[in-house]
Visitor: 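The structure follows.
Just so we're on the same page: letters track the sequence lines, and every chain starts at 1. Just so you know, these numbers come straight off a predicted model, no measurement behind them.
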There are 2 protein chains.
Amino acid sequence: MPRLPIIHKTQLVASSRLFQVEEVHLEFSNGEQRIFERLVSRGYGAVLIVPMLDNETVLLIREYSAGTERYELGLPKGKVEPGEDLFEAANREIMEEVGHGAHHIQLLKRVSLAPGYMGHHTNLLLARDLYPATQPGDEPEPLEVVPWKLNRLDELIAGNECTEGRSLLALYMVRDLFMRLNR
Amino acid sequence: MPRLPIIHKTQLVASSRLFQVEEVHLEFSNGEQRIFERLVSRGYGAVLIVPMLDNETVLLIREYSAGTERYELGLPKGKVEPGEDLFEAANREIMEEVGHGAHHIQLLKRVSLAPGYMGHHTNLLLARDLYPATQPGDEPEPLEVVPWKLNRLDELIAGNECTEGRSLLALYMVRDLFMRLNR
């Protein structure tokens, strides 16, 4: 692996309420220089949760997505709030979005979205031993909760209701985990 | 599923060489109003390719990622250029990045990155029947090509060299596909 490039300068070039874009002035170990743009990641990170109602059934949600202008089927997710750890954030999000808390939550993997131009990471978590519990969220309308059997993951992949890469990856990981547990 | 929200207005609020941020003024079917920010997706989309050297071995690349400021192990990827279809773009990218073309390329799935606030989609493709072929890319330094056995996907998940959700999802999909083919 080459030595890491030297970052000579970073410079804010655009900014809005939610997003910050900066230029990164890089010099690679072979002397090549490049100026790349990237989205700066602020805040405390994000969580995306696989809430398992039982050993076979995951609770998906159907939610309007402003980026793609359509209702997307996917997993509950949200930002980590100040003072929360990942597990507290995950538990709050599933209470807000699927009406359950969880006695057991474990980290599956911390994934990047588009590491070439985004600093963002999402923590994928598995939530088990659910119990009914709600917390008010900030959603503009009630979310539809859609129970889905993990052995129907192929249908989710083949269809076009669920397109989010992070959600699909987390479902593959949990399906593998439960296949090993049930063996 | 509720009726789609009405988009009353979209407005550009920040802009750089690569990124555009716009505000979306939404009215949900229950009357609730929200103003969300989103990244606009320009261009012709992106491809991410799983180049299979044989029925067991995928060619990964190690590349510097400016967003996360580290070398990431992942799949070859890039933007679709004007005039290209997805398959031409995929074939060009693997020639540039892993030194092979492919006789067979198929679309696995079109995935979104973060549909809540990004319009971006990535087309995941499987490339088979590889042949040696190169094309000059625009990389600042040569990429390291790393052959990886699909039956070692668990190690990739457990380690921290490969964090990109899209790459990991594509590898799960191809592992499933080859498991069915080899059965």
Visitor: Heavy atoms only, distances under 4.5 angstrom: which of A:Gly116, A:Pro5, A:Gly67 has the most pairs with chain B? Name it, please.
Guide: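 Going by pairs under 4.5 Å, I would pick A:Gly67.
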
Visitor: Identify which part of A:Leu113 has an atom lying under 4.5 Å from any heavy atom of chain B, answering side chain, backbone, both or neither.
Guide: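 A:Leu113 touches chain B through backbone and side-chain heavy atoms alike.
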
Visitor: Using 0.5 Å steps for rounding, measure from the CD atom of A:Glu139 to the CZ atom of B:Arg34.
Guide: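 A:Glu139 CD to B:Arg34 CZ: 8.5 Å, rounded to 0.5 Å.
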
Visitor: Using a 4.5 angstrom heavy-atom cutoff, name the option from A:Gly165, A:Cys162, A:Pro140 with the most pairs to chain B.
Guide: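 Going by pairs under 4.5 Å, I would pick A:Pro140.
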
Visitor: So, for B:Ala66 and A:Arg38, which heavy atoms are closest and what is the spacing to 0.1 Å?
Guide: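 Result for this residue pair: O-NH1, 2.8 Å.
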
Visitor: Shared ILVMFWY cluster between B:Leu53 and B:Leu126, side chains joined below 4.5 angstrom?
Guide: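 Different clusters: B:Leu53 never reaches B:Leu126 through Ile, Leu, Val, Met, Phe, Trp or Tyr contacts under 4.5 Å.
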
Visitor: Does anything in residues 39-52 of chain B pair up under side chain to side chain donor-acceptor pair (under 3.5 Å), and if so which pairs, sequence neighbours excluded?
Guide: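 Applying side chain to side chain donor-acceptor pair (under 3.5 Å) to every pair that reaches into residues 39-52 of chain B, excluding sequence neighbours, yields nothing.
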
Visitor: Counting only non-hydrogen atoms closer than 4.5 Å, does B:Glu161 touch chain A with its backbone (N, CA, C, O), its side chain (CB onward), both, or neither?
Guide: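 Looking at B:Glu161, just its side chain touches chain A.
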
Visitor: Can you check whether B:Leu153 reaches A:Asp176 side chain to side chain, under 4.5 Å on heavy atoms?
Guide: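 Side-chain contact under 4.5 Å: no.
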
Visitor: Which bit of A:Arg180 is near chain B, if near means a heavy-atom gap under 4.5 Å: side chain, backbone, both or neither?
Guide: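 Looking at A:Arg180, just its side chain touches chain B.
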
Visitor: Counting heavy-atom pairs closer than 4.5 Å to chain B, which one of A:Pro142, A:Ala158, A:Pro115 comes out on top?
Guide: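 Heavy-atom pairs under 4.5 Å are most numerous for A:Pro115.
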
Visitor: Distance check, rounded to the nearest 0.5 Å: A:Asn160 atom CG versus B:Arg110 atom CZ?
Guide: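 One finds 10.0 Å between CG of A:Asn160 and CZ of B:Arg110.
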
Visitor: Given a strict heavy-atom distance threshold of 4.5 Å, which part of B:Arg62 is in contact with chain A: side chain, backbone, both, or neither?
Guide: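 For B:Arg62, the side chain is the part near chain A, not the backbone.
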
Visitor: Can you get from B:Phe36 to A:Leu18 by hopping between Ile, Leu, Val, Met, Phe, Trp and Tyr side chains that sit under 4.5 Å apart?
Guide: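 No: no chain of side-chain contacts under 4.5 Å links B:Phe36 to A:Leu18.
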
Visitor: Any chance NZ of A:Lys79 has more than 12 other-residue heavy atoms, nucleotides or ligands included, within less than 6.0 Å?
Guide: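 For A:Lys79, atom NZ is not crowded (no more than 12 foreign heavy atoms under 6.0 Å).
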
Visitor: When clusters are formed by joining ILVMFWY residues with side-chain heavy atoms under 4.5 Å apart, either directly or through shared neighbours, do A:Leu108 and B:Leu156 land in the same one?
Guide: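 Same cluster.
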
Visitor: Checking A:Ser16 against chain B: side chain, backbone, both or neither under 4.5 Å from a heavy atom?
Guide: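 Backbone plus side chain of A:Ser16, per the 4.5 Å heavy-atom cut-off to chain B.
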
Visitor: Under 4.5 Å from any heavy atom of chain B, what part of A:Arg17 do you find: side chain, backbone, both or neither?
Guide: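 Its backbone and side chain both get close to chain B.
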
Visitor: Less than 4.5 Å to any heavy atom of chain B: does that hold for the side chain of A:Val21, its backbone, both, or neither?
Guide: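 The side chain, not the backbone.
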
Visitor: Give the cluster check for A:Leu150 versus B:Ile157: same hydrophobic cluster or not, with ILVMFWY residues linked at side-chain heavy-atom distances below 4.5 Å.
Guide: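 Yes, it is one cluster - the side chains of A:Leu150 and B:Ile157 are joined through contacts under 4.5 Å.
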
Visitor: So for B:Arg3, is it side chain, backbone, both, or neither that comes closer than 4.5 Å to the heavy atoms of chain A?
Guide: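 B:Arg3 touches chain A through backbone heavy atoms alone.
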
Visitor: Could you tell me if the side chain of A:Glu69 sits less than 4.5 Å from the side chain of B:Leu4, heavy atoms only?
Guide: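 No, side chains not in contact.
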
Visitor: If I measure from the heavy atoms of chain A, does B:Ile7 come under 4.5 Å with its side chain, its backbone, both, or neither?
Guide: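 Contact with chain A involves the side chain of B:Ile7 alone.
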
Visitor: Within a 6.0 Å radius of atom NE2 on B:His8, are there more than 12 heavy atoms belonging to other residues, nucleotides or ligands?
Guide: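 Yes, because the 6.0 Å sphere around NE2 of B:His8 holds more than 12 heavy atoms from other groups.
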
Visitor: Measuring from atom CG of B:Asp154 to atom CE of A:Met173, what distance do you get when rounded to the nearest 0.5 angstrom?
Guide: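 Rounded to the nearest 0.5 Å, the CG-CE separation comes to 9.0 Å.
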
Visitor: Hey, could you give me the NE2/CD distance between A:His121 and B:Glu164, rounded to the nearest 0.5 Å?
Guide: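 So the gap between those two atoms works out to 10.5 Å.
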
Visitor: From A:Glu22 CD over to B:Phe19 CZ, what is the distance, rounded to the nearest 0.5 angstrom?
Guide: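 Result: 10.5 Å between the selected atoms.
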
Visitor: So what's closer than 4.5 Å to chain A heavy atoms on B:Leu26: side chain, backbone, both or neither?
Guide: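 It is the side chain, since no backbone atom gets that close.
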
Visitor: Does B:Leu177 belong to the same Ile/Leu/Val/Met/Phe/Trp/Tyr cluster as B:Tyr172, with side-chain heavy atoms less than 4.5 Å apart forming each link?
Guide: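 B:Leu177 and B:Tyr172: one cluster.
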
Visitor: Can you tell me how far NE2 of A:His120 sits from CE of B:Met118, rounded to the nearest 0.5 angstrom?
Guide: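 So the gap between those two atoms works out to 8.0 Å.
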
Visitor: If I compare all heavy atoms of B:Leu168 with all of A:Lys109, which pair ends up nearest, and what's the gap?
Guide: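 Closest approach of B:Leu168 to A:Lys109, heavy atoms only: CD1-CE, 3.5 Å.
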
Visitor: Between A:Glu72 and chain B, which part of the residue has a heavy atom less than 4.5 Å away: side chain, backbone, both or neither?
Guide: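 For A:Glu72, the contact with chain B is made by the side chain alone.
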
Visitor: I need the residue from B:Val24, B:Leu124, B:Leu169 with the largest number of non-hydrogen atom pairs under 4.5 Å to chain A.
Guide: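 The residue among B:Val24, B:Leu124, B:Leu169 with the greatest pair count is B:Leu169.
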
Visitor: If you count heavy-atom pairs under 4.5 Å between each of A:Ser65, A:Ala14, A:Ala46, A:Ser112 and chain B, which one has the most?
Guide: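 When all of A:Ser65, A:Ala14, A:Ala46, A:Ser112 are compared, A:Ser112 has the most.
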
Visitor: Is it the backbone or the side chain of A:Tyr64 that comes under 4.5 Å from a heavy atom of chain B, or both, or neither?
Guide: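 Contact with chain B involves the side chain of A:Tyr64 alone.
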
